[in-house]
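A short write-up of the structure that comes next.
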Amino acid sequence: AGGGGAASEGPKALDELVVGFAQVGAESGWRTANTKDIQAAFEEAGIELKFSDAQQKQENQIKAIRSYIQQGVDYIAFSPVVETGWDAVLNEAKAAGIPVVLTDRAVDSKDTSLYVSFLGSDFIEEGKKAGLWVLDQYKDSTEKVNIVQLEGTTGAAPAIDRAEGFADVIRQNPNLEVIESQTGDFTRAGGKQVMEAMLKSNPDIDLVYAHNDDMGLGAIEAIEAAGLKPGEDIKIVTVDAVKDGMQALADGKINFIVECSPLLGNQLVDIIKTLNEGGTVEPRIITEETTFDQEQAIEALPDRQY
Ligand code: GZL
């Protein structure tokens, strides 16, 4: 059947709906938890989900979206690996009458008619929460605090915004200085490689701010290989709160984690159901999330779903 939501032919039975989902990749624990949750939610709702993994390449995501348009799916959802370069393919989906939902990451398109809703976190807020912990940690220190930053994928909304939110807050204390900032592409291997290089070029790093747990876990390996104690000689603050990160926090190798929830599946299904019934959805739906220190991680670990 041709594409398009309820506008064209009224609500479909859920088992007739087809949704195409173009995922970023499988670069981190967060991403795999996000994929599992979305697939489970559609399974439970009895809605067919076509799924593609772009291995973190924008051209693969664009190819996947184009194939969903060809197949005439009813809805397209995706998590744009970077913010720019989406207008052409989103205009193709619009021309085909297929509504698009953004999950997790945002696009910089000025034309907000190109997607129905953005469902995900406020990454600037996440960066601010990390910054506030650092501000508090060093509020009485009189010396310079050397901070290195492990950035997420270059051009990705979480990388841009987590850096912005963090910088906005730590500028309140001139002793806090980001002496080096590099991308580790949200992967454990990337975090380890960058941290090894940073340790070589900066003798006295006090704190690492990693845009996700996986890069923080890579940094731990590099710090230990250099004979230093992560969480003590060099403090570590990360974002996500996936199981491996929470375990490192419980073990005192990470000092603070800002949660970023990957559990978007049920909210995405609800958006699709509402659209199918001809309803309207909020243009921006922000997920609930918190922060964890060591004892909160110890307490939360047993019930952690991912
Ligand atoms: C954030 C998400 C980020 C995670 C990383 O919503 O886009 O991508 O923080 C993941 O772990 O790779």
Side-chain angles (χ1 to χ4, degrees), residues 21-38 53-58 60-61 77-84 86 101-108 115 117-130 149-166 182-192 194 208-220 236-249 254 256-265 267-268 284-292 304-306:
F21 187 80
Q23 180 61 292
V24 167
E27 73 282 2
S28 64
W30 189 98
R31 187 64 55 198
T32 47
N34 178 246
T35 292
K36 265 210 296 269
D37 185 68
I38 287 170
D53 171 332
Q55 286 94 39
Q56 286 189 284
K57 290 184 177 53
Q58 179 171 30
N60 291 346
Q61 280 195 301
F78 78 113
S79 172
V81 60
V82 293
E83 285 190 344
T84 55
W86 300 100
V101 177
L102 300 184
T103 63
D104 159 34
R105 297 188 184 175
V107 298
D108 69 351
Y115 55 91
S117 177
F118 166 82
L119 162 62
S121 306
D122 180 337
F123 301 127
I124 291 182
E125 207 41 50
E126 291 173 348
K128 288 186 172 172
K129 288 176 185 174
Q149 178 170 232
L150 302 180
E151 300 168 14
T153 303
T154 303
I160 295 166
D161 292 354
R162 285 174 184 163
E164 182 186 319
F166 185 76
Q182 300 274 336
T183 180
D185 209 19
F186 280 131
T187 66
R188 206 176 283 215
K192 182 177 178 186
V194 171
V208 180
Y209 168 45
H211 290 176
N212 79 332
D213 292 354
D214 290 68
M215 292 191 291
L217 292 163
I220 285 172
I236 302 181
V237 178
T238 66
V239 185
D240 275 352
V242 295
K243 201 178 280 273
D244 290 350
M246 294 286 271
Q247 188 58 59
L249 176 55
I254 288 180
F256 186 69
I257 301 186
V258 175
E259 185 183 36
C260 174
S261 175
L263 306 179
L264 307 176
Q267 286 174 288
L268 179 56
R284 189 168 162 78
I285 300 166
I286 302 295
T287 41
E288 293 297 310
E289 49 205 32
T290 181
T291 59
F292 294 94
R304 211 80 188 138
Q305 292 177 55
Y306 56 91

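Side chains included, hydrogens not; waters and symmetry mates left out as well; all remaining heavy atoms used. Both ligands and their constituent atoms are indexed starting at 1 by order of listing.
Partners of Thr154 according to the side-chain contact (heavy atoms from CB on, under 4.5 Å) rule, which considers only residues two or more places apart in sequence or in another chain, are Thr183.
Within 4.0 Å of ligand 1, contacts by protein heavy atoms are made from Glu27, Ser28, Trp30, Arg31, Asp104, Arg105, Phe123, Pro158, Arg162, Phe186, Asn212, Asp240, Cys260.
Electrostatic pairing of Arg188 and Asp244 counts as a salt bridge here, judged by a charged N lying under 4.0 Å from a carboxylate O.
More than 12 non-hydrogen atoms from other residues, nucleotides or ligands lie less than 6.0 angstrom from NZ of Lys243.
Here the OG1-CG distance, from Thr187 to Leu150, works out to 10.0 Å after rounding to the nearest 0.5 Å.
Without hydrogens or angle criteria, Asp214 side chain to Phe186 main chain gives no donor-acceptor distance under 3.5 Å.
For the residue pair Ser79/Thr103, the side-chain donor-acceptor check at 3.5 Å is not satisfied.
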